[in-house]
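Following: one structure in structure tokens, then a few remarks.
The analysis underlying the following values was restricted to heavy atoms, covering all of them including side chains, and did not include hydrogens, waters or symmetry mates. None of the values given here were measured: they were computed from a predicted structure. For ligands, and for the atoms within them, numbers begin at 1 and follow the listed sequence.
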Amino acid sequence: MKVLLTGAGGQVGRCIQDVFSCTNHELLPLDRGQLDITDKERVLDVVREFSPDVIINAAAYTSVDRAEKERELARAVNALGAENIAIAAMQVDALLIHFSTDYVFDGNKTTPYIEEDATNPQSVYGETKLEGERAIRRVWGKHFILRTSWVFSEYGNNFFKTMLRLAREDNEIRVVDDQYGCPAYAGDIATACLKICETDAEKKYGLYHYAGNEVVSWCEFARAILSVAGQRGKIASMPKVAALSTIDYPTAAKRPSYSVVSSAKFVQEFSLPPSNWVEGIERTFFYGEMR
Ligand SMILES: NC(=O)C1=CN([C@@H]2O[C@H](COP(=O)(O)OP(=O)(O)OC[C@H]3O[C@@H](n4cnc5c(N)ncnc54)[C@H](OP(=O)(O)O)[C@@H]3O)[C@@H](O)[C@H]2O)C=CC1
Ligand SMILES: Cc1cn([C@H]2C[C@H](O)[C@@H](COP(=O)(O)OP(=O)(O)O[C@H]3O[C@@H](C)C(=O)[C@@H](O)[C@H]3O)O2)c(=O)[nH]c1=O
């Protein structure tokens, strides 16, 4: 199977390369320098030339706070870029796998969000990701949109790495304890993509949630990361992790207080468990040393 990957330099993109390197699929990984998804003509040319069976779009604008001031840039990548990819996929009849986010929800529910739940993004990032979802649905039916959340890995920038850095710099970290979600290890998301590619997926196209198997607050997630870091000798000493209310940690973008997504539909259709983020922490430390 020929698979074209955009956003290959990001954390999900790099994990997809690792997972697909153990298969016989022919993967063409393109980072932002090789393919800017906002350049429609180039997207169409590159896709026509390679003529993939599958396109995985892992390119995105993911700076949640910065997006509040860079709406047009975020929109260009997350909405118009996604649309460009969908048009290109349609032109060569390729399956499109795309990612979206838990930040499309407002967080007012108290039970896990399912695919049919109403969206109501609270941030520019969430709005532009939702616009991208809608563009794909409008343009090309042969797609999977995986909404994931709180992604971490040994690659790129993420909350996991921020917590490690802060733990090395200070003896106290302050983290919000009233926003809940399901962290997802990027390696598991990559495995989910492979599973889609290797499943007779025709009758299953559409929107899925795929994220972590257990609910935590950001503060609980930080404590879990640092506890393993301490056990593995990754930090010299264990900092105090103080639990904050959102009001005491002001940010440019509003985050949902509860963005727990249920992976049940994906699990049912693809017989793959949700991301095991506790194991993901171990794997992040392990692969962080190997790669
Ligand atoms: N990270 C998270 O916590 C979550 C992510 N997601 C979604 O998962 C997907 C993958 O995210 P993740 O790997 O974590 O994000 P990253 O930010 O790690 O990777 C995104 C990649 O896209 C690249 N990119 C940005 N603009 C363009 C462009 N115009 N053309 C081509 N490439 C571009 C970035 O390049 P550069 O670094 O040079 O800007 C980066 O390499 C995204 O759709 C994201 O919205 C969903 C939920 C949670
Ligand atoms: C760094 C830091 C953050 N926080 C808070 C801010 C915020 O409410 C929460 C998470 O912070 P971050 O800015 O690291 O994470 P954030 O950028 O909000 O992460 C999001 O990224 C996008 C791409 C997604 O799609 C989401 O699923 C989610 O993973 O923790 C603290 O309380 N203390 C800290 O020291």
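By the criterion of a heavy-atom distance under 4.0 Å, the backbone of Arg174, and not its side chain, is placed next to ligand 2. Residue Ile173 does not touch ligand 2, judged by heavy-atom distances below 4.0 Å. Both the backbone and the side chain of Val175 come within 4.0 Å of ligand 2, counting heavy atoms alone. Heavy atoms from both the backbone and the side chain of Trp150 come within less than 4.0 Å of ligand 2.
The shortest contact between atom 6 (N) of ligand 1 and any protein heavy atom is with Tyr125 OH, 3.8 Å. Summary of contacts: the protein heavy atom closest to atom 13 (O) of ligand 1 is Val12 N, 2.9 Å. Atom 28 (C) of ligand 1 has as its closest protein heavy atom Asp36 OD1, 3.7 Å. Val64 CG2, 3.7 Å is the protein heavy atom nearest to atom 21 (O) of ligand 2. In terms of protein heavy atoms, atom 2 (C) of ligand 2 is closest to Tyr249 OH, 3.2 Å.
Under the 6.0 Å distance and 45° angle rule, Lys195 does not count as a cation-pi partner of Phe270.
Near Thr148, with a cut-off below 4.0 Å to any heavy atom, the atoms of ligand 1 are 46 (C), 47 (C).
For the pair Glu127 and Pro121, the tightest heavy-atom approach, listed with the atom from each and the gap, is N-CB, 3.5 Å.
By heavy-atom distance, the residue among Tyr103, Phe159, Phe152 lying nearest atom 19 (O) of ligand 2 is Tyr103.
Residue contacts with ligand 2 include Thr162, since one or more of its heavy atoms lies under 4.0 Å from the ligand. Every heavy atom of Lys129 sits 4.0 Å or more from the atoms of ligand 2.
When only interatomic distances are considered, the shortest N/O to N/O separation between Asp102 and ligand 2 falls below 3.5 Å.
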